[in-house]
Amino acid sequence: RIMRPDDANIAGNVHGGTILKMIEEAGAIISTRHCNSQAGEPCVAALARVERTDFLSPMCIGEVANVSAEITYTSRHSVEVQVNVMSENILTGAKKLTNKATLWYVPLSLKNVNKVLEVPPMQYARKEQEDEGKKRYEEQKLDRLETKQRNGDVMLPVINPEPHTVGYSQSSLIHLVGPSDCTLLGFVHGGVTMKLMDEVAGIVAARHCKTNIVTASVDAINFHEKIKKGCVITVSGRMTFTSNKSMEIEVFVDADPFVDEPRERYRAVSAFFTYVSLSKEGKPLPVPQLLTETEDEKRRFEEGKGRYLQTKAKRQAQMQQAAQQ
Amino acid sequence: RIMRPDDANIAGNVHGGTILKMIEEAGAIISTRHCNSQAGEPCVAALARVERTDFLSPMCIGEVANVSAEITYTSRHSVEVQVNVMSENILTGAKKLTNKATLWYVPLSLKNVNKVLEVPPMQYARKEQEDEGKKRYEEQKLDRLETKQRNGDVMLPVINPEPHTVGYSQSSLIHLVGPSDCTLLGFVHGGVTMKLMDEVAGIVAARHCKTNIVTASVDAINFHEKIKKGCVITVSGRMTFTSNKSMEIEVFVDADPFVDEPRERYRAVSAFFTYVSLSKEGKPLPVPQLLTETEDEKRRFEEGKGRYLQTKAKRQAQMQQAAQQ
Amino acid sequence: RIMRPDDANIAGNVHGGTILKMIEEAGAIISTRHCNSQAGEPCVAALARVERTDFLSPMCIGEVANVSAEITYTSRHSVEVQVNVMSENILTGAKKLTNKATLWYVPLSLKNVNKVLEVPPMQYARKEQEDEGKKRYEEQKLDRLETKQRNGDVMLPVINPEPHTVGYSQSSLIHLVGPSDCTLLGFVHGGVTMKLMDEVAGIVAARHCKTNIVTASVDAINFHEKIKKGCVITVSGRMTFTSNKSMEIEVFVDADPFVDEPRERYRAVSAFFTYVSLSKEGKPLPVPQLLTETEDEKRRFEEGKGRYLQTKAKRQAQMQQAAQQ
């Protein structure tokens, strides 16, 4: 579809959140279709996890986004989908790879939303495809346990913060979940949640560096808890780490099922977004260093640094590998 | 309502699809109101057909669209509505006729969506009005049978196509039908479908000629099949014909009731859109000729040429008639 | 236009904010048209003030909103517009008056947004109309000065609040101003701001009483400061007063022009919204009393009580007057 002014910031760059939403919609369609391909209980595929994804090149207003999705692995109760996004300038014909993302879906029964159904097994062209898929499946399973433990953290308000401190840029928004945000099951689309998360992260980044900013990457996101229609969700973001040219922002989503529900407020999702600041010519600008004050802030900064160095090392290893091939 | 940036392309011209959507909404309101004007089973008017409509002058961001609708004929089971769209520049006060469209609606029972109800007969000012309406009614009935037969056609993907071939510009988008797309009956508004069709046709046209393009006209569209909430729809477009200054694009809409439905994917609508390419000053530009390769493409080109010449002849006849009066 | 699921809460009642947005758009169109009706500099009418408005009956999904606007007074630099909203059930034909609102617009030059232009004088049918209009004009002018002074107030965050305290339900959202939110001048439509304000107020009300709530009335709102495209706006709401069956919520809008602007964050608008809680049958429910803790909260409660009693007295006086006529 063609990118519109509302999909983009004032510099004309399409929001990362808009792209994440398109990716998730494509993944939801292909995996729901697969899970209903055999006779049996009808189901809707719900997003369980998105692997880390990099935004390789910015997309602009007026360009056409080409989204393609493919099922790459099935376990007994989950489906792995690979989604590619290409941006196409229809005036020049130029095409660029914008994103490659891997998503995991779980089929939930249309009649009983708490029942996970079985996934029809896919056919692999080669045995190695299945083995590699299984490895990815085991890895993500481990990682999901880890985030579950981290999820107790809370963002506290700060009064009269200094510029470039954590409290200065931290932001939160509330959103009342409407019918358009939801799947047939009455739960929020994972893509809608990610779009809101990117919106908050972008505001945190812009408040910190007061320039035009764009999403550079999103770390793996696990969707542990469903969010129901009629909930109020609070999406909060705070900066955790800055390198010379990038900012890491942690985003939490809390759901408040306040009407007709005995349940307390709960943490639905959390994730790390990385942003870069761009000049008017589209070149990366230096980022003001984050000032950490409390012990927790210092610890989170070090953890963010760890993630940053790890990602950098991985990318260099990949590039060396690619060079050797 | 005031036209916003999201309603328009990057050159500031409002999308034909946005206008078609407003037209259909006005038609749906007036015909639903009419069909419920007598005591009886409550019903919702569903769009059955839109007659060929020309976009007489482009509308721009910031202008106000004035939409007026009037019932012009009633048969036993259908209502004919005439909708006019005027664009008004509220700064200068200038008003221009943008569109004149004729739509046919059928009342469906709110309780049983497969039941077509009777339409309360309208009062005609003169006997001739009724006779002319009846003639239009018979004509469109015949035409509807014809499209039904054409609808089996399928668009195949092409790998590495050459510029200006059919495969080079052909495009498709998928859309998951949400609650805001639907009427009270849970079926997609005809206007929503037409907006998506115009979006795909516009991408095909822009890919072909790589300039600013606008919708010039839409051939009669028949809505044979309803599309239900929760369906995935695939909208596909391919170029069928080019004259010196216009392009004809055929658009198909296929619905995939992929959850909870035993039904196979089916063709819901198809239509021909005509686009022109505009220079920065708003003047029509020459269009690169479409290169046809297969026998089918050559046949469709000839059929498109037939429609083009027929329309041209009709328009000249009308102008002569107008000149003689 | 037909009310969609996205315009309403889960009980099917259309959000007050959706209605306010339609009212403002109608007012903006008619006053911009009037201000450009004489030769001279082109201008856009910007919303300066909305008088207190009551929501007389709820509107539901599937109903059609009929909005009509009329210019009722012109001063040298401002236009008074009266807007009526009727809800129409097109199945039964039943029509109900939903809102009557009075808005004040000021024409700003399209070339220089800081220049207020002169308004072409309207023609009055009777001399009394002009005199009454002038009286309304003087009254609102006085009232605008008053709010200006109140605007310094700030909402502070509260940690671990008790149920039914002010801190428990207070809420805020942030929104990045996009192109679709703005007029031709690049400033946020007053209607967009009011819609966001109603959204926050509704969340505050729902958090307080945990039932289905609807907007009952909005006190006069003054738009002192324009909000520019690209700003981040923070909309904050807190409960100020409860009677047996209603809640008063104060809402602030602060604008943060964070990109490319030397300006500090500033208060753009503030207003009082009144909500009632409805049972499933649509009857008003008792509202839990607001627990006030600080001196400020107690003072604001008393002020809210004052406004509540004043409105009640006015309404009774009007009813007596109506009974005598």
If you count heavy-atom pairs within less than 4.5 Å of chain C, which of Asp6(B), Asp7(B), Thr183(B), Ile29(B) leads? Ile29(B)

Rounded to the nearest 0.5 Å, what separation is found between the NE2 atom of His15(C) and the NZ atom of Lys21(C)? 12.5 Å

Tell me, side chain or backbone of Arg4(C) under 4.5 Å from chain B's heavy atoms, or both, or neither? side chain

Taking side chain as everything from C-beta outward and backbone as N, CA, C, O, which of these in Cys35(C) sits under 4.5 Å from a heavy atom of chain B? Side chain, backbone, both or neither. neither

Residue, of Val64(C), Asp181(C), Leu91(C), that accumulates the most heavy atom pairs under 4.5 Å with chain B: Leu91(C)

Non-hydrogen side-chain atoms of Val44(C) and Leu108(C) separated by less than 4.5 Å: no

Mind checking whether Tyr137(C) and Trp104(C) have parallel, tilted or perpendicular rings, split at 30° and 60°? tilted

Side chain of Gln129(B), backbone of Ala125(B): donor and acceptor closer than 3.5 Å? yes

Using a 3.5 Å distance criterion without hydrogens, assess whether the side chain of Glu25(C) forms a donor-acceptor pair with backbone atoms of Ile2(B). yes

Is it the side chain or the backbone of Ile30(B) that comes within 4.5 Å of chain C heavy atoms, both, or neither? neither

